[in-house]
Peer 1: 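Next up is a structure, given as structure tokens.
Each chain gets a letter, A, B and so on, in the order the sequences are listed, and its residues count up from 1. These numbers come from a predicted model, not from an experiment.
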Number of protein chains: 2
Amino acid sequence: MTIEAPSRRRAIEDVASALFRERGYAATSVRDIARALDIQGPSLYAHVTSKEDVLWAIVDRAASAFEEAADRALSAAESVPTDAAGRLAALVRAHVGVIAADPELASVFVHEWRHLSGDRRAAILARREAYELRFRRLVADGMAAGDLTSTDPAIAAAFLLTALNGIAGWYRAGGRLSADRIADLYADLAVRAMTEDHR
Amino acid sequence: MTIEAPSRRRAIEDVASALFRERGYAATSVRDIARALDIQGPSLYAHVTSKEDVLWAIVDRAASAFEEAADRALSAAESVPTDAAGRLAALVRAHVGVIAADPELASVFVHEWRHLSGDRRAAILARREAYELRFRRLVADGMAAGDLTSTDPAIAAAFLLTALNGIAGWYRAGGRLSADRIADLYADLAVRAMTEDHR
DNA sequence: CCTACCGATCGGTAGG
DNA sequence: CCTACCGATCGGTAGG
């Protein structure tokens, strides 16, 4: 079947994600990736054009996953009028869901994008900033509406997003807590950090 | 004067911290470090025994700085009886203070310790876990005393600590917000995340 | 702190 | 997907 070629490419990216997460991009050699696939180093180049291409494919796919999950979460929250705390909880749950669905992919997105060069690096930096802006804007809007506690929106967004991204460093499927449970706990922590229930 | 040698060693570590933070340990060559000091690559070995030794010196010093700051903060909070929220705020401020005092050092501690090998890696991992345990215990004790909102202590500690460590990635002296201001904002976010003021 | 140099490994190409 | 191989660079040593 013709699903062979694309699935092979995907297998390379999966193996590379795991290695990049564990050792970092720079400390992972092309031969390391090949060895994990039981092929010779140069054979990898039948499927990819460069080591950085593999990193790009991973980072680009992860960025899209985060963007699409956030789109879905925020537009779902819009269809039923939701306050800022509810929108924040939805955004947090979406973000945690993407990490839990593929922690290797997410971890490489979070930590290894700096090893991209030129236009790709600039492009992914812009997308990271746009993504963080969603958090910042949600927080700023919620503050303006009186739904969220007044604080510095940029600081709050950085606080929340780095807390969430930390999950990519330790999450493993089949651990003590399910992905849903972790998402709930993180959503509660995030909402509490941004609200005060005086009264 | 005999302060020359130690200060040279420290200059190497400072330059290396900045490069390791910016590019990562594996992507920084010994010659990169030497170039930043305007000497030849092999000349570095008059002052250090290996590249990993430099990483170790940085990581070890950072770990001590975090440990000592936490010791001071928690024992100060003990001398005047303080509730869990107050102790958490003190611990957060101490942690943020260490990062702001030397963000390069802190960033290398947070991100590059994995490149240590053998006993050093094991030792620093144990110290990292002991440090995280302080957060977890503070949270668990505060929950038991009814001062903090009930949640999963391990998750809460991971949430808080990764949020704080994120500062090491972006903080720069002379930025929009002072270190004290950032410490205050983060302490507020952390305490709010762990408390509910119902009533 | 320098020059000269080492073996090992790197990402990647040629040519099947 | 393989073998044979490339130039470049790596961390580090010798010997001043």
Peer 1: In this structure, how many angstroms lie between the P atom of C:dC2 and the CD1 atom of B:Ile39, rounded?
Peer 2: 6 Å
Peer 1: Between B:Asp32 and B:Arg23 (salt bridge meaning N to carboxylate O under 4.0 Å), is one present in this structure?
Peer 2: yes
Peer 1: Does the structure show a Watson-Crick or G-U wobble partner for C:dC10, both distances under 3.5 Å? Name it, or say none.
Peer 2: D:dG7
Peer 1: Among residues 113-123 of chain B, which ones have heavy-atom contacts with DNA chain C below 4.0 Å?
Peer 2: none
Peer 1: Would B:Lys51 pass as a cation-pi partner of B:Tyr45, given that its NZ or CZ must be under 6.0 Å from the six-membered ring centre and within 45 degrees of the axis?
Peer 2: no
Peer 1: CD of B:Gln40 versus C1' of D:dG16: gap in Å, rounded?
Peer 2: 15 Å
Peer 1: Using a strict 4.0 Å threshold on nitrogen-to-oxygen distance, state whether A:Arg9 and A:Glu13 make a salt bridge.
Peer 2: yes
Peer 1: Using a 4.0 Å cut-off on protein heavy atoms (strictly under), produce a 5'-to-3' string for nucleotides 10-15 of chain C with B for base contact, S for backbone-only sugar-phosphate contact, and - for none.
Peer 2: SBBB--
Peer 1: With both distances under 3.5 Å as the test, what is the Watson-Crick or G-U wobble partner of C:dG16?
Peer 2: D:dC1
Peer 1: Is A:Arg10 salt-bridged to A:Asp14, cutoff N-O under 4.0 Å?
Peer 2: yes
Peer 1: Could you tell me how the ring of B:Phe159 sits relative to the ring of A:Phe159: parallel (under 30°), tilted (30 to 60°) or perpendicular (over 60°)?
Peer 2: perpendicular
Peer 1: Under 3.5 Å, is there a donor-acceptor pair between the B:Ser64 and B:Arg127 side chains?
Peer 2: yes
Peer 1: Does B:Phe66 have B:Arg134 sitting over its ring (NZ/CZ under 6.0 Å from centre, angle to axis within 45°)?
Peer 2: no
Peer 1: Can a salt bridge be assigned to the pair A:Asp184 and A:Arg181 using a cut-off of 4.0 Å between side-chain N and carboxylate O?
Peer 2: no
